[in-house]
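Working notes for the structure below.
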Amino acid sequence: MKPEVVIKNPGLKLNKKKSTKLQNWKAFYKKFKRNKLALVGGYIVLFYILLAIFAPLVSPHDPYEIDLVNKLQTPTMEHWMGTDDKGRDILSRLLYGTRLSLTVGFVSVFFGAFIGILLGLTAGYYGKWIDTIIMRIVDVLLAFPGILLALAIISALGPSLINVMVAVGVFSIPMFARIVRGSTLSVRKLEYIDAVRALGATDFTIIVKHIFPNILSPVIVQATLRLATAILSAAGLSFLGLGAQPPSPEWGAMLSSGRDYLFSAPHIALFPGIAISTLVLGFNIFGDGLRDALDPRMKK
Amino acid sequence: MFVFIVRRILQTIPVLLGVSLVVFLIMQMVPGDPATLLAGEGATKETIAMIRHQLGLDRPILYQYVDYVIHAVQGDFGQSLRSSRPVLDEIMVRLPITLELALASIFITVVLGMVAGIISATRQYSAADISIMIVALLGISLPSFWLGLMLIYFFSVNLQWFPVSGWGTISHMILPAITLGAGGAAIVARMTRSSMLEVVRQDYIRTAKAKGLKEHVIIYKHGLKNALIPVITVVGLQFGALLGGTVLTESVFAINGLGRLIVDAIRTRDLPMVQGGVLIASVIFVFMNLAVDILYRYFNKRIDLN
Amino acid sequence: MGATVEDKKVLLKVDQLKQYFPIKGGFFGRTVNHVKAVDDISFHIYQGETLSIVGESGCGKSTTGRAILRLDQPTSGQIHFQGKDLLSLGKKEMRSTRKDLQVIFQDPFASLNPRQTIGQILGEALSIQNVVPKEQRRSRIEELLGHVGLRPESMERHPHEFSGGQRQRIGIARALAVDPKLIICDEAVSALDVSIQAQVLNLLKKLQRQFELTFLFISHDLGVVRHISDRVMVMYLGKIVEIADKKSIFEQPQHPYTRALLSAIPVPNPVQERERILLTGDVPSPIDPPIGCRFHTRCPFVMDICKTKAPELKLSTQNHQVACHIVS
Amino acid sequence: MKQFNETILEVKNLQTHFFTDEGTSKAVDGISFTLNKGETLGIVGESGSGKSITSLSLLRLIPSPPGKIAGGSILFKGEDLLAKTEKQMRSIRGNEISMIFQEPMTSLNPVYSAGEQIAEAIRLHQKLGKKEAWAKAVDMLRLVGIPSPEKRAKQEPHELSGGMRQRVMIAMALACHPEVLIADEPTTALDVTIQAQILELIKTLQKDFGTAVILITHDLGVVYETCDRVAVMYAGKMVEYTLAKEIFTNPKHPYTIGLLNSLPRLDLDQEELTTIPGTVPSPYDMPKGCSFAPRCAHAKPICEQAVPDLESVGPDTEVSCWMYTPQWDKEYEAEEKVGVQ
């Protein structure tokens, strides 16, 4: 007996229903939420951003108010984190300093990412000699060890917080360019790019509509992690006296003034360090969490 | 392999030229005129013009650059504006100290980082793994200059185990090396861990299991060698970060190395010194990268295919 | 099958097509050698037929398809499509010509942009070539989805919500969107399971009849090729070894490579007992292909002349071209 | 027809489940079969049928978590492999039961030479010295038809072609003369002419060594040419279990029939292929009754309610389908009464 097989339901059924954009977001959030540590990182970052916005409201004192009578005080009910060498309230200074650190971080990373993405997309998409030239430039920028490139830029432009942003931004360009180029190369190889080319789409359409959205995840992850590095670098430059100048409540600069009182009043150096560390830690674990949630290998 | 090494060495020449060009161009951005600066206050226009001519500042910029490169290749980086001594001489006094510090730190980075990473990966989700990963997260998040200060406070001021500052003996080296190497060790540990976990998922590990090998043979013989290949590159990059990091560490521990020399030169606007210092540090890093690339190639012959 | 060559209109004519890919190496990354992926091939496709290119990996079949679509710029040769030489067209002209030349790819996962909805994917195809006015796009998309057996609601969804077979249908709809004349199917059913593959093959055949399409069907699967083709072209190491209509290729294969290939396929057919020609060794590297006939290193019937002189593609019987010294 | 009497491997009601965020997937859901000495059993199925998971389960190589063998037994020479310690399993793997995989490109360790990787298995299970093991590895390479094996043994995998790597895998698997060889899609990644070489090689070596082979494949042609018996899998279950020749002349299960009809023929012109409509159900959302029922043209209410058992319908044939059970007629009568067409 050999039964004949006939087509029963020619209309194909769809797997799922529900709207998908929302679903993508939900899936991403679900994965992200499961990573408890990353969630903590997100909250830390959010907390600092709120502090920066509302610094004038939550600061107990004027961060610039000098009070030489009460200088070098250890923490009290009046000054929760004590006072510095000029009697200024450390907590208030730290709260205002949040604005500086976040601004430096966001501006420099945005600047570096913008140029880096432009270079990386161009190099990765067009290839050939354009790629060679751009990547040689990137190689040269990468040949400067650590923050030495930033140092050189500041030595020319002069010490100031603005110049720190420029310097740290330039120093971030090669990282973004490399990552974007790598992702562009791998996305470019995918068949849907060829399919759209075969339809007659222009290079501009392909780059903007088809490549850029699909390389965004690694860029976002890198930008988050890069924020941590940028904040650290900027604080380091200010610590060396090459960034924010006194009496600016920049954390690195505060730390620097605290080192002279390390023996007598270690709390002056302690609190700015904790502030930098927690904010940087926040960005780092937030970035790690994003990477895990956005990693295509983790999907299914 | 030989062809590769020769090619790789030849490829560093344009990079070095590029680096020197960037340094040169950055110095061109300096507002104000070095001649005026050098002549000091109250100098006559004639004096300034003479200095300009002496420095070759009145010639076209390309000539100046070519001149600069030719001199640099011969070891002539000009004179320090502050001490009037040749820049190279000053740097050569400081460089050995910085290299000692860098080597001590890279040792900490590699040994501590790899061991911690391997422990973490082989005991995924164990208490040891979680603690190592938390410490590593702190390692990449703490500012090195703050870590240095805290180490000084606890170990030098309170416990008085180590000297507060200076350079010369092993005990001088320990705290600075930890300060400088901690961040790198954390990065290497994280990289080693993720690389090992990645390798363990590969098909050839399944083949090794199907062969009947013991778990630890699979991990150490088949896994580790593959897992460490990408780590080599990271270590190479860390060396660069570390060279840059000496700037901060030397400042914290008052060590008279190259980093501190550069920072002091920036403060006093001793531009030839900054130029020379940054250039020499970069050249060292470029050669370090060259060595890492050759090593990487040696361990990873598969890149032949690309 | 009744029509003779003279009755049929040539839609695409490929002349002496070469596609060499440079290999960088040596000092300063100079070009040290070339992968001779396609090395001087000529053939044509008649309007309304399905011509298949078969061969093993590295034979140049996909490269040929990409060269026709100008996804890669060929090294030399001419490709005449409806009288125009595609390789001499300017960028803009080429873009408008692409309307008539479409492609369906192998990988149902990589061939659709994961961030676009199906509606956007098809809508983009319509808007690039501006085939229908904006107001009618939606209904056109619904119509296209209907042609490939998907429901109109699919428009709102993203590719990851579909199975491999359904995605392949979407890829087909995208190719159909611009009313093309020629569709190049590059291993279009190779990634699918047998039962899904059969569905898609039936669909392709149905669409071909419905829209009078011409197919260039690139595949390594001889069973699929036999099912879908009118004529078959066999390639080996960048060269055409045999072209003939389906019946003669499968029933009277003449080139030793074609015969070996046919005999190598495991067939679940208890009736047909076949003599197997087992080839030894691997395909040689396309960087330094063997001198003479490229197949001579593996050919069971190799003669002295094969090692020195490359055989030309010649008509052996009616509508049957072979490149082999034994046959001529 | 060869006769195989002595059972070497007996799998009873094997269940391998995967526990993921999306739910529990019963990748292998109650598989039973026997393998006799020297015979070749084919396990065929499309993607998602659970055939590869079955093969990995036999050697307990399921990645865990998320996978877990949830039940059943695997009797190898009468002893249950699932009851063995990890150490006992290690002495079986690569020694008494070996395995080769689909991707020859990634299944060999890139940093060790082909010879080293074969010699490693020999040294491990046969307690030979370095030199003897190497010599034996070279012998194995010669045996699997690799030209100039002394030279090739020293080469690393990236210097070998795909076909050659698969030969190295076979040499490695057979180096210790295992009694069972599990080949998981050994030729899927290879070209047809190379596939023919590799299948021929497996057949020859099997004869010489007397090894029993389990061949996992999606290709019915491969089954026909190499196997003695065949198990057809669909959605984690075995739907038909019979002689390899029988399945082409006399297929029983509607899925098997559909699969055969879907295959374009090399010997016949067909205007249209007969297809199986729809797609394989999601492993997280399996139908309640027979998993093929939603795609089956003959499905009756009972098919959607209960899972049919794998039952004997002939001397060498077992099928899991309600059509071949006494209940079917009752169903038919019931339908008649209600008047449903």
Side-chain angles (χ1 to χ4, degrees), chain B residues 1 3-4 114 118 121-126 129-130 192 194-233 235 292-306, chain D residues 52 55-56 58-65 86-113 116-126 155-160 165 168-169 172-173 175-176 178 180-184 189:
Chain B
M1 191 71 194
V3 172
F4 171 78
M114 281 191 186
I118 292 166
T122 48
R123 297 181 191 128
Q124 205 189 353
Y125 303 130
S126 71
D129 174 33
I130 291 167
T192 307
S194 66
S195 175
M196 290 230 15
L197 293 178
E198 173 77 38
V199 162
V200 167
R201 283 207 293 264
Q202 300 299 310
D203 286 353
Y204 55 80
I205 295 294
R206 190 177 58 185
T207 308
K209 273 186 197 155
K211 238 189 240 183
L213 291 173
K214 287 193 187 121
E215 192 76 15
H216 73 261
V217 177
I218 295 172
I219 287 174
Y220 290 104
K221 189 174 170 198
H222 289 267
L224 197 58
K225 204 168 167 186
N226 285 293
L228 288 185
I229 290 169
V231 177
I232 295 172
T233 316
V235 170
V292 166
D293 264 20
I294 291 169
L295 208 66
Y296 181 82
R297 170 77 168 212
Y298 175 77
F299 281 110
N300 191 11
K301 293 175 197 134
R302 280 167 296 164
I303 50 178
D304 267 334
L305 285 176
N306 307 327
Chain D
S52 280
S55 70
L56 286 171
L58 296 181
L59 272 180
R60 286 177 37 195
L61 290 174
I62 294 295
S64 166
E86 189 53 29
K87 195 175 169 213
Q88 288 169 320
M89 274 313 289
R90 280 203 301 268
S91 66
I92 291 171
R93 288 181 196 139
N95 189 23
E96 292 178 271
I97 305 178
S98 315
M99 198 159 173
I100 52 180
F101 300 99
Q102 173 176 358
E103 284 294 336
M105 297 319 236
T106 54
S107 292
L108 288 169
N109 192 329
V111 298
Y112 293 107
S113 72
E116 269 175 279
Q117 296 190 54
I118 301 170
E120 185 181 32
I122 299 171
R123 281 169 64 193
L124 179 72
H125 296 297
Q126 303 186 353
Q155 287 182 327
E156 285 179 9
H158 68 89
E159 298 170 88
L160 306 171
R165 288 185 206 198
V168 171
M169 283 297 289
M172 196 191 309
C176 300
V180 177
L181 172 71
I182 304 167
D184 186 359

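Chain naming here is simple, since letters A, B, ... match the order of the sequence lines and numbering starts at 1 in each. The figures that follow rest on heavy atoms only: side chains count, while hydrogens, waters and symmetry mates do not.
The closest donor-acceptor contact from the side chain of Tyr112(D) to the backbone of His222(B) lies at 3.5 Å or more, if one exists at all. Here the side chain of Thr207(B) pairs a donor or acceptor atom with the backbone of Ser107(D) at under 3.5 angstrom.
Interface remark: Met89(D) contributes no atoms to any contact with chain B (heavy atom separation under 4.5 Å). Looking at Leu213(B), both its backbone and its side chain come within 4.5 Å of chain D, counting heavy atoms on both sides. With a 4.5 Å cut-off on non-hydrogen atoms, Gln117(D) touches chain B through its backbone and its side chain both. Within the 4.5 angstrom heavy-atom criterion, no atom of Met105(D) approaches chain B. Only the side chain of Leu56(D) has a heavy atom closer than 4.5 Å to any heavy atom of chain B.
The two residues Ala210(B) and Met99(D) have their closest heavy-atom pair at CB-CB, 4.3 Å. The nearest pair of heavy atoms linking Pro110(D) to Asn226(B) is CG-OD1, 3.4 Å.
Counting heavy-atom pairs closer than 4.5 Å to chain D, the top-ranked of the candidates Arg206(B), Gln202(B), Lys225(B) is Arg206(B). Chain B forms more heavy-atom pairs under 4.5 Å with one residue of Glu86(D), Glu103(D), Glu120(D), Glu159(D) than with any other, namely Glu120(D).
Counting heavy-atom neighbours within 6.0 Å of Lys214(B) NZ, excluding the residue itself, gives a total of 12 or less.
Inter-residue side-chain proximity for Leu124(D) and Val217(B) is flagged as unmet; no heavy-atom pair is nearer than 4.5 Å.
Here the straight-line distance linking atom CZ of Arg93(D) with atom NZ of Lys209(B) works out to 8.0 Å at 0.5 Å rounding.
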